[in-house]
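I have placed the structure first, in the form of structure tokens, so that the comments after it can refer back to it.
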Number of protein chains: 2
Amino acid sequence: MTRGNRNVDLRHLRYFVAVAEEENIGRAAARLHISQPPLTRQIQQLEEELGVTLFTRTPRGMELTQAGELFLEEARNIRALVEQATERTQRAGQGKLGRLDVGIFGSAILDAIPKLLLAFRNRYPDVKVVLHTMTKAEQIEALRQRRISVGFNRMLAPLADLEIKQVTTETLLLAVPAEHPLAAQPVIHFAELQDHPMVLFPTGARPSFIDKVIGLCTDSGFQPLISQEVGDAVTGVALVAGGFGVCLVPDSATTLQFPGVIYRQLADTPPNFYVDLSCIYRKDDQSPILAAFLDTAERYREETA
Amino acid sequence: MTRGNRNVDLRHLRYFVAVAEEENIGRAAARLHISQPPLTRQIQQLEEELGVTLFTRTPRGMELTQAGELFLEEARNIRALVEQATERTQRAGQGKLGRLDVGIFGSAILDAIPKLLLAFRNRYPDVKVVLHTMTKAEQIEALRQRRISVGFNRMLAPLADLEIKQVTTETLLLAVPAEHPLAAQPVIHFAELQDHPMVLFPTGARPSFIDKVIGLCTDSGFQPLISQEVGDAVTGVALVAGGFGVCLVPDSATTLQFPGVIYRQLADTPPNFYVDLSCIYRKDDQSPILAAFLDTAERYREETA
DNA sequence: TTTGATGATACCTGTAGGGTATTGAGAAGG
DNA sequence: CCTTCTCAATACCCTACAGGTATCATCAAA
């Protein structure tokens, strides 16, 4: 038994389907924009490759044999699949289809990231976005191991193989217990924080938002009174609600409406009284999905500037 | 958006899969028994046709992009389908796969046909045999309209467009009511039938088995006493059981064991005291399935000769 | 720096797919 | 019965492209 299908190619299928549908080589040739003789030869060749008579030649044209009927079904099916495969691959190549693994940190899901992901899903509905909660250090490792394609974090330091792109900046607010003395004041000056215990976050890899806060204080000439260091903003605000002190948070933390916690703007704030939210990704990652995502992030940044 | 897949062909898929699996163009080329440069070009061409980067070139070789991963799955799938399609079509072309529509008459299902169909199904298990019960005239029309490929009947007359092939012959027996006078005799001579009413079958297109029986009688010098004409052998034997008379039947009718009916051989039978069972099919039918069936029928005839 | 992988390029060649002209074979029509 | 029409098949030519050889470019490891 010869393995003839080695030389069967999609052209044969296209031609075969045309002839089967037209039941006439001449018309099929016209439809295919070629002349009749080459089409005759291609059909003969296909029959020879398969070792099967696909058509019975009648004076009125070409009529499918039983085997031909079967092959017609198969050929149509294969052609449709090829069409679909190329189309899907093209969409994947344009970043419109596939999967994007994203690393996020505990409390970054408060404001910017949900909005950004929503915008991305609207533009690329067939890209499956998978979120992985992980710390900054874990994100960097996961990026290098290609377990994620992009991470979100704050206060990212430059790295040789990773690119950092700022998504948004947030100014800082003070989370205060409702019964706290500061809460009663009409205006709170930043320098007043030196007299009150503060909750800081996050624990983990430095530099982090903790260093940011400490830096702001030292720049203003005082050392903060550290009440607690906790893992993330959510826990921090929960401790504020529990009376552990005040806490500087990015303004997106206002999404957290704990009973007994109020958010206050500060007066006389030092320069750099804001914190960035950036995304981080491999410099050598050419994935069109990542490109599409970064483009969406860029638009988001411009819109919210 | 270019419809580039027009020129994607199966060779591209074969090459692509090899490169994707080897992750190295040189090794893939060796596996494909071609040299490296043409393979490089084919892959470039495929990427260009699709408008998608399928591989990232690294100093260690070729690595699939996300879109490439997707296309690999699709390509493997398509290649398997082509393999399957050609294989199935080849089997269909050899008569090993497909469908055979067979016309049979009411009582021919008694002996030969079940055995023959069984033999055919054993040799060609993937051919679906569909039985259609129809009269001789209906079979001929159905053959011409290609609703069936082969019919079974007795006493077929030659026709211009249809071929007749004898499958078997059966000698005749007499079905007698148990309490009939003839049943008591140790030997029944054919000529004695002139004194007893007979049930004849089948009604419908002539010439038929009825003419056969009448002809046997007239050749022996008498006119049969006709009790009833009925549609088929089953009804005929049923009437014998009801005392309507005796009935000449092909010996396969002994499959019908009605209470009160006994089958007797006759003595002094005239020549041609048998009836044929033939199959009939279109002379111009080139179907390999029909050919396979006729071959099985021929073997059956030889084995039962 | 050198060496040794890798894939990419340049250029040639032969084949096979496509074109035109023609033939052969039934069916239809006068 | 001969002609005519309509099919597919054949003969023959030409060109585009798959495949070959030789060489280059690049990067990593020694």
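- With sequence neighbours left out, A:E141 forms a side-chain contact (heavy atoms from CB on, under 4.5 Å) with A:Q145.
- In this structure, B:F55 has its ring center closer than 6.0 angstrom to the ring center of B:F16.
- Between the CD atom of A:E23 and the P atom of D:dA8 there is a distance of 11 Å, rounded to whole Å.
- Remark: A:R11 engages A:D9, A:R14, A:Y15, A:Q42 in a side-chain contact (heavy atoms from CB on, under 4.5 Å) (not counting sequence neighbours).
- Taking A:R123 as the reference, A:D295 meet the salt bridge (charged side-chain N to carboxylate O under 4.0 Å, His left out) condition, with sequence neighbours excluded.
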Sugar-phosphate or base contact per nucleotide [nucleotides 9-20 of chain D; S, B, -; heavy atom under 4.0 Å]: BBB------BBB
I'd like a list of close polar pairs between nucleotides 25-30 of chain D and the protein, N/O only, cut-off under 3.5 Å.
none

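- Considering only residues two or more places apart in sequence or on other chains, B:P38 meets the side-chain contact (heavy atoms from CB on, under 4.5 Å) condition with B:S35, B:R41.
- B:E23 is linked by a side-chain contact (heavy atoms from CB on, under 4.5 Å) to nothing, counting only residues two or more places apart in sequence or in another chain.
- Residues satisfying the salt bridge (charged side-chain N to carboxylate O under 4.0 Å, His left out) criterion with B:R121, sequence neighbours excluded, are absent altogether.
- The list of salt bridge (charged side-chain N to carboxylate O under 4.0 Å, His left out) pairs with a residue in residues 25-40 of chain A, not counting sequence neighbours, reads A:E21-A:R31, A:E22-A:R27, A:E22-A:R31.
- The nucleotide range of DNA chain C contacted by chain A, defined by atoms under 4.0 angstrom from heavy atoms of the protein and reported 5' to 3', is C:dG17 to C:dA27.
- Checked against salt bridge (charged side-chain N to carboxylate O under 4.0 Å, His left out), A:K128 has no partners two or more places apart in sequence or in another chain.
- Here A:D276 pairs with A:S278 under the side chain to side chain donor-acceptor pair (under 3.5 Å) rule; sequence neighbours left out.
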